[in-house]
There are 2 protein chains.
Amino acid sequence: MPAISRPTSKDVAQEAGVSQSTVSLVLGGKWSGRVSPATARSVRSAAARLGYRPNQAARNLRLGTSRTVLLMVPTLTAPFFGPVYTGAARVAARHGFGVVVSTWPDDAAGPADGPFAAPDEAIDGVLASSMAAEALGGFGETPVVMLDSGPAGRPGAPVPTVDFGVADGMRAIAAHLAGLGHRRIGHVAAAPDQWTFHARADALAEVVADLPGGVLTRAGCAIDVASAKDAATRLLAAPEPPTALVCDDDLIAAGAYKAARALGLDVPSDVSVTGFDDVLLATALEPELTTVRLPAEELGAQGMAALLDLLDGRSPAPRVLPGELVVRGSTAPPRAR
Amino acid sequence: MPAISRPTSKDVAQEAGVSQSTVSLVLGGKWSGRVSPATARSVRSAAARLGYRPNQAARNLRLGTSRTVLLMVPTLTAPFFGPVYTGAARVAARHGFGVVVSTWPDDAAGPADGPFAAPDEAIDGVLASSMAAEALGGFGETPVVMLDSGPAGRPGAPVPTVDFGVADGMRAIAAHLAGLGHRRIGHVAAAPDQWTFHARADALAEVVADLPGGVLTRAGCAIDVASAKDAATRLLAAPEPPTALVCDDDLIAAGAYKAARALGLDVPSDVSVTGFDDVLLATALEPELTTVRLPAEELGAQGMAALLDLLDGRSPAPRVLPGELVVRGSTAPPRAR
DNA sequence: CTGAAAGCGCTTACAG
DNA sequence: CTGAAAGCGCTTACAG
């Protein structure tokens, strides 16, 4: 029981002395030229007096919408996606929308009718975040905005996108390291087949290729500490080891720290380490991590704004949110040799 | 447009050659003794053939519910609450419920009609997690289950609760430390006025009081690295410093590590450190953190199950989810002196 | 055992 | 400028 039957538009109509349809017109903002300003005013004040708020279920039934948007993320346990949800939910709430979350199914390709044929609740749109390249398509008719999935998101049909400027972020890291004097760079690369990691790898490779004397090595790993430690160890065990380890994620950087220490190397005097994302972890580590801050909450907020635009029939332009290089204690000039 | 107008119960009725009300009865599970088994079977198969799924908006309108539950948490940026949401949403989805999240407003007491008078969408119930003691009440008529808020949740009216066995968890930590030979314990305590932290402090104080030669010191801090480092430094700077630092959170433990290192102390040979929660961070730190694992996802799942019980008119019994001591590398016997 | 009908609270043609 | 009415897709008395 929703707290002693809330007032309905009928109650407002009675209070204002008008018909229920007039109430709907006024409160729906479709009255100009159809209802006199005076009437509109009295309707509004009656609604305020009664504390009226429209019944969404009735509205949804009539309109055939659910005012619910699905946010799909790779995982909710990674610290990155909480803020994405928060940003999306904040904007959604302002427009009377709810957000439900779902994680990408393991079989990314999914059944023919898409990964969300299952949800009990009908859905008005999808915010697809950080999807794997092979998860393209399968969205049927549902409006979708792709987040952190690359500008080329869906080949063919153009889909609105909101992305991070990860290439620029990676270039900033590379430039920072190059400026410090590093030439031999090791890339501890996240293995998941996501656009963002491909973009990072490409940007890093370009910068190092243009660097006189630049040498890039590379080892892939899962986004967890143990796997990252293994990968970093492989890189560091090379005959001519890198003097800096560029990691695709802060968590991976934590693994790189461990690899370095296990080999008796100090961070940053023996080897510099950089992260990506700037989650809580970055300042919990010692030394604190030089990384790129990605505005996760803003990603969710702008993505939802774009989806709302799309649902209103507009075509939101692609957006790119810049990352910010945050220099802390994990980078230093390479040891002279 | 929800993907080419989905079939309605009317379509199913036509397909099965029965009336729409019969369809509703059968699919709603209220047919026994009112519809013949043969008819029921044919309705079911017609529904399956058409891929029918009931329109929630219509159902909600008719029933006066929203099939939406509000999860209130202190913050979504802490890594702990993602899993809580995940667990709650998983159970909710099985029953056709959605979950929306909201964070506790800053003015915890809130207006008379509660902190969630605002949400646009009407809600059927609330899952209130980790609430501050002063946020009690203000829920009006809405069914609520309290999570991680203590058994005494709301004085007066009994409210179903799901809690962690934090006292036992803290006792396990204290016993582990005592077994190692520690007598002087420093408690780096989370300052937020939440039940869970009071329970931890009380449990620790009891054990240490019962420990021959036991001495407990205590410093409060916010749940962030810098504040924790300050608090730990104060404790460690005492004339007779503790040989072990018990931290209320893994993030606080990270601050304690930093304090120790800044003072030239090694973890664990000079000072043992323990955390609480076992988030990602615990294995990212060096040495890896001895801590208590709290089943966060299970908290959400059991909480939702209890709320669903409550909405069905049952009175779910209080539940307590045990934590598990995970011994890793941050604890060792105190240095002989 | 089965069906016709009312009604949840909206939005939106349609009349006036 | 305003109102009476239809109808979105359900659930549930009520008749038969």
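Quick note on labels: first sequence line is chain A, next is B, and so on, each numbered from 1. Computation of the quantities below employed the complete heavy-atom set of this structure, encompassing side-chain atoms and omitting hydrogens, waters and symmetry-equivalent molecules.
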Can you figure out which of C:dC10, D:dT12, C:dT12 approaches the side chain of A:Leu25 most closely? C:dT12

Kindly give the heavy-atom pair with the smallest separation between B:Leu308 and B:Val91, and that separation in Å. CD2-CG1, 4.0 Å

If you assign B:Val18 and B:Leu63 each to the DNA chain C nucleotide with the nearest heavy atom, which residue ends up on the more 5' nucleotide? B:Val18

For B:Leu70 and B:Val101, work out which heavy atoms get closest and say how close. CD1-C, 4.2 Å

Is the phosphate of C:dG9, meaning OP1 or OP2, less than 4.0 Å from a side-chain N or O of A:Thr8? no

N/O (side chain, B:Thr22) to phosphate O (OP1/OP2, C:dG3) under 4.0 Å: yes

Measure from the side-chain heavy atoms of A:Ser21 and tell me the nearest of D:dA5, D:dG9, C:dT2. D:dA5

List the atom of B:Ser66, the atom of B:Ile123, and the distance in Å for their closest heavy-atom pair. OG-CA, 3.4 Å

Tell me whether the side-chain N/O atoms of B:Thr39 come closer than 4.0 Å to OP1 or OP2 in C:dT2. yes

Atom-to-atom span, CG of B:Asn55 to P of C:dC8 - whole angstrom: 18 Å

Ignoring the backbone of A:Val35, work out which of D:dG3, C:dT11, D:dT2 is nearest its side chain. D:dT2

Tell me which of A:Ala40 and B:Gly28 sits closer to the 5' end of DNA chain D, going by the nucleotide each one is nearest to. A:Ala40

In Watson-Crick or G-U wobble terms, with both distances under 3.5 Å, the base opposite C:dG16 is D:dC1

Go nucleotide by nucleotide along DNA chain C from the 5' end; which of B:Arg34 and A:Ser24 gets its closest nucleotide reached first? B:Arg34

Examine C:dG9: is either OP1 or OP2 under 4.0 Å from a nitrogen or oxygen in the side chain of A:Lys10? Give yes or no. no

Is there a side-chain contact between B:Ser36 and the phosphate of C:dT2, meaning an N or O under 4.0 Å from OP1 or OP2? yes

Would you call A:Thr8 and A:Asn55 a side-chain contact if the rule is heavy atoms closer than 4.5 Å? no

